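Just so you know, these numbers come straight off a predicted model, no measurement behind them. Only heavy atoms go into these numbers, but all of them, side chains included; no hydrogens, no water, no symmetry mates. Every chain is numbered from 1 and lettered A, B, ... according to where its sequence line falls, protein lines coming before strand lines.
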Number of protein chains: 2
Amino acid sequence: MILDEMDKQLLLLLQEDSKQTNKALSNALGLSVTAVYERIRKLENNGIISGYVALVEKKKVDKSFVAFCHVKLVQHSQDYVVRFEKEVRKLDEVLECYHISGDYDYLLKVLVKDMAAFREFMVNKLTNIDHIGSTHSMFVINEVKHTTAISL
Amino acid sequence: MILDEMDKQLLLLLQEDSKQTNKALSNALGLSVTAVYERIRKLENNGIISGYVALVEKKKVDKSFVAFCHVKLVQHSQDYVVRFEKEVRKLDEVLECYHISGDYDYLLKVLVKDMAAFREFMVNKLTNIDHIGSTHSMFVINEVKHTTAISL
DNA sequence: GCTGAAAACAAATTATG
DNA sequence: CATAATTTGTTTTCAGC
């Protein structure tokens, strides 16, 4: 599917606030309500919009500690990789996990209550996964920017 | 604000899919529609729900290249720090930026089309910001997990 | 804080130019 | 594509417990 400027503008607006009415969107874009409605359905059906979610304020729900954690496996056999990825997906504390280039194999973004909870997470959850060789953690001192919106 | 189990369940559901109707939520929670409605409003007014957004599928909009980029400043004077953070917030390619502990000062999550676009970003945008000492980039080979939902 | 029902509003469908 | 009219469904308000 090829996106024209209207689609891009529409996605931009919906990535900012998905609770806007089609009327508000139609005003912002200079389209009719029906046109906006059809474009949104098309974007949904093509999987360009993958879903709609509520965003929760970390600090207000007592999850103020973010860490990035590098993980290296002892071996890179297919089996170990699949097993590690499966286990890590199950961990609620892990918001993101990437297989990356460089000295380590994986980079995890971990969200917990505080440093004590992070220690708990490392000792009882993460390093309980088999075949982890080594880890290296970096702690977030301040979140400078955080957006879910992709620029188009 | 103290969250009871109902609030937590509700937040869980809304973080999965914010387009569910209050009726569907009331069924899932065993509450009346009005009770659900009032709880949601309270969560919004207390800033626990910070907003509702549409999620866009990266790969479908030709943004398939994710990199994590460490940045070190030449100095850590208040002035340099403020300036860097201000500039980096303006860059659309930077989805996340964290001030972190460790050898580097910042960790950025960067989203672009491809490696060529990343090079372009580094040369023309990021390293154009004053007072950057050094950078070190890691490329995402595979996204194993990515969620916006905070577990409660 | 909860319920159930009414009123207000928006989404979704259909018809028409 | 846009508009308008309609139905269907959802949100919001309100009286009462």
Nearest-neighbour nucleotide for the [X] side chain, [options] considered:
X	options	answer
B:Thr34	D:dC14, D:dT3, D:dT12	D:dC14
B:Asn22	D:dT3, D:dT11, C:dA5	D:dT11
B:Arg39	D:dC14, D:dA2, C:dC2	C:dC2

Sugar-phosphate, base or nothing in reach of B:Glu38, heavy atoms under 4.0 Å: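 Base, at least one base atom sits under 4.0 Å.
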
Touch class at under 4.0 angstrom, heavy-atom based, for B:Lys19 against every strand present: nothing

Given atom [atom1] of [X] and atom [atom2] of [N], what is their separation to the nearest angstrom?
X	N	atom1	atom2	answer
B:Met6	C:dG1	CE	C1'	12 Å
B:Leu25	C:dC2	CG	P	14 Å
B:Ile40	C:dG1	CD1	P	15 Å
B:Ile2	C:dG1	CD1	C1'	16 Å
B:Leu29	C:dG1	CG	P	16 Å
B:Leu14	D:dT10	CG	P	15 Å
B:Asp17	D:dT10	CG	P	13 Å
B:Gln20	D:dT10	CD	P	12 Å

Parallel, tilted or perpendicular: ring planes of A:Tyr80 versus A:His131, cut at 30 and 60 degrees: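 A:Tyr80 and A:His131: parallel rings.
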
Aromatic plane relationship, B:Phe84 with B:Tyr106 - under 30° parallel, 30 to 60° tilted, over 60° perpendicular: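 Judged by the thresholds at 30° and 60°, the geometry between B:Tyr106 and B:Phe84 is tilted.
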
Any side-chain heavy-atom pair of B:Asp17 and B:Leu14 under 4.5 Å: no

Side-chain donor/acceptor of B:Thr21 to base of D:dG9, under 3.5 Å: no

Carboxylate-amine/guanidinium proximity below 4.0 Å for A:Arg83 and A:Asp79: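 Result for this pair is yes, salt bridge flagged.
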
Residues B:Lys125, B:Asp92: salt bridge by 4.0 Å N-O rule: no

Most 5' of A:Tyr37 and B:Ala35 on DNA chain C, judged by nearest nucleotide: B:Ala35

